[in-house]
Amino acid sequence: MAMGNHTDVSYFVLTGVSSDPELQPFLFVVFLLIYLVTVVGNGVIMVVVRSDPHLHTMMYTFLFHLSFLDICYSSITVPKMLNNFLVEKKNISLHGCLAQMSLILLVSCAEILILSAMAYDRYTAICDPLHYGGTMNKQVCIRLVGGAWLISILYSLTNTAPVLHLHFCGPNELNNFSCELPSLLEVSCTETFISKMTFFTLATIVSLTSFSIILVSYILIISTIFRIQFAVGRGKAFSTCSSHLTVVLLYYGAGFARYLRPSSGSLVVLDRLFSVQYNILTPMLNPVIYSLRNREVKAALGNLLEKM
């Protein structure tokens, strides 16, 4: 790797959520429980969607992939965080850090694109229900999911490539619990302009494109819902997309606050809180939101439990 002859740092130190040694056991238990809830909750959503024939629709196919991404998202960062709560040296190798950074970029981009696909699906179902079966068929779903993964892989590789040529000579302490790209750029000894511009440009294009699709979809959805004459019909229409809208607000709120703002050393703690929200808390909340606010998922879960 071209970077090898120019790098003195062989590992990074992750400062974690808190440096207080007395808090480490408590934080370990808290984040372990969060991780278990995330994996079990999203795993249950995946099992329910696959096992219930009534949920074999495009909307729940996207939900299946969203749950899979949430498990991946947490599994990239949380196990290493849990290990660091129990050890004195909170180190991660240079190559391990770069791999973690690349996976975070890949999964976060895929999740953003899946959320926009879900918004388009809801728009088609509510605003053009007569043509929904033809517009959102299995082939379209495969193309949307496949396209999301392809774009995400290219997004991750394009952002990772400039980082491989950076020089890391110290300090090797990252003010975070994971190897996110902005944290790595802060400790580089060489000029990071290309890396920063690449990341900012691509993140802006992907985020704003996806957000625009979601925003336009929901403007049209809300406009259509208000034209429905009966209150029962309006409530039923809105209930099919309220869970998705809640997840979007949680994810985009923290993501925009973390990445699309000028960096500042005085906001390190705030950055950690935002990172905890979209890396750890949001993946845990997604299955809770969908199971509590979605009647079909609750009914399918009840049927599954009755069969056990």
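Since the structure is predicted, the reported quantities are computational estimates derived from the model, not experimental observations.
Under the 4.5 Å side-chain contact rule for hydrophobic residues, L63 and I213 do not share a cluster. In the hydrophobic clustering of this structure, L174 groups with L164; members are Ile, Leu, Val, Met, Phe, Trp, Tyr whose side-chain heavy atoms approach within less than 4.5 Å, directly or through other members. One hydrophobic cluster, built from ILVMFWY side chains closer than 4.5 Å, holds both F12 and L82. Both L32 and L86 are assigned to one and the same hydrophobic cluster, defined by single-linkage of ILVMFWY side chains at heavy-atom distances under 4.5 Å. Under the 4.5 Å side-chain contact rule for hydrophobic residues, I142 and W149 do not share a cluster.
Pairing each heavy atom of I71 with each of M46, the nearest pair is CD1-SD, 3.9 Å. Closest non-hydrogen pair, H167 versus T190, comes out as N-OG1, 3.0 Å. Contact record, N137 with G134: ND2-O, 3.0 Å, taken as the closest heavy-atom pair. When all heavy atoms of F62 and I114 are compared, the closest pair comes out as O-CG2, 3.8 Å. Looking at every heavy atom in both residues, F168 comes nearest to L184 through CE2-O, 3.4 Å. Across all non-hydrogen atoms, the minimal contact from D70 to N42 is OD2-OD1, 3.5 Å.
Side chain of E180 to main chain of P182: no donor-acceptor pair is present (N/O by atom type, distance under 3.5 Å, no hydrogens or angles). Between the T192 side chain and the S195 main chain, no donor and acceptor come within less than 3.5 Å of each other. Remark: the backbone N or O of Y11 is paired with a side-chain donor or acceptor of N172 at under 3.5 angstrom. Judged by distance alone, with hydrogens and angles left aside, the side-chain atoms of K196 form no donor-acceptor pair with the main-chain N or O of L185 at under 3.5 Å.
For the pairing with S116, the side-chain contact (heavy atoms from CB on, under 4.5 Å) check across S210, S217, S212 returns one residue only, S210. Among M136, M58, M118, the single residue meeting the side-chain contact (heavy atoms from CB on, under 4.5 Å) criterion with L144 is M136.
Side chains of D121 and Y132: a donor on one and an acceptor on the other come within 3.5 Å. A donor atom on one side chain and an acceptor atom on the other are found under 3.5 Å apart for T160 and S102. For the 3.5 Å distance criterion, the side chains of H244 and Y218 qualify, holding a donor opposite an acceptor. Side-chain contact, Q24 with N84: no donor N or O sits under 3.5 Å from an acceptor N or O.
Distance check: N159 CG to I104 CD1 gives 12.5 Å after rounding to the nearest 0.5 Å. The structure places CD1 of I151 at 11.5 Å from CD1 of I205, a figure rounded to the nearest 0.5 Å. The distance from atom CE of M284 to atom CG of N279, rounded to the nearest 0.5 Å, is 13.5 Å. Rounded to the nearest 0.5 angstrom, Q100 CD and T77 OG1 are separated by 6.5 Å. Taken to the nearest 0.5 Å, the OG atom of S207 stands 4.0 Å off from the CD1 atom of I112. The distance from the CG atom of L245 to the CG atom of L249 is 4.5 Å, given to the nearest 0.5 Å.
Classification of the F31-F85 ring pair by plane angle, with boundaries at 30° and 60°, yields parallel.
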**Request:** Give the intermediate values and the outcome of side chain to side chain contact (heavy atoms under 4.5 Å, CB included) for residues N175 and S183.
**Result:** CA-CA 7 Å; N175 290 316; S183 300; 5.9 Å; no
**Request:** Just do the side chain to side chain contact (heavy atoms under 4.5 Å, CB included) check on E111 and N286 with the steps written out, would you?
**Result:** CA-CA 12 Å; E111 184 144 353; N286 284 356; 3.7 Å; yes
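Applying the disulfide (SG to SG under 2.5 Å) test to every pair with at least one member in residues 41-106, sequence neighbours left out, gives these pairs: C97-C179.
Legend: residues meeting side-chain hydrogen bond (donor to acceptor under 3.5 Å, both in side chains) with S156, ordered by chain and number and at least two apart, are absent. For Y35, the side-chain hydrogen bond (donor to acceptor under 3.5 Å, both in side chains) partners at least two apart in sequence or on another chain are S75.
The shortest side-chain heavy-atom distance between K90 and T15 does not fall under the 4.5 Å cut-off.
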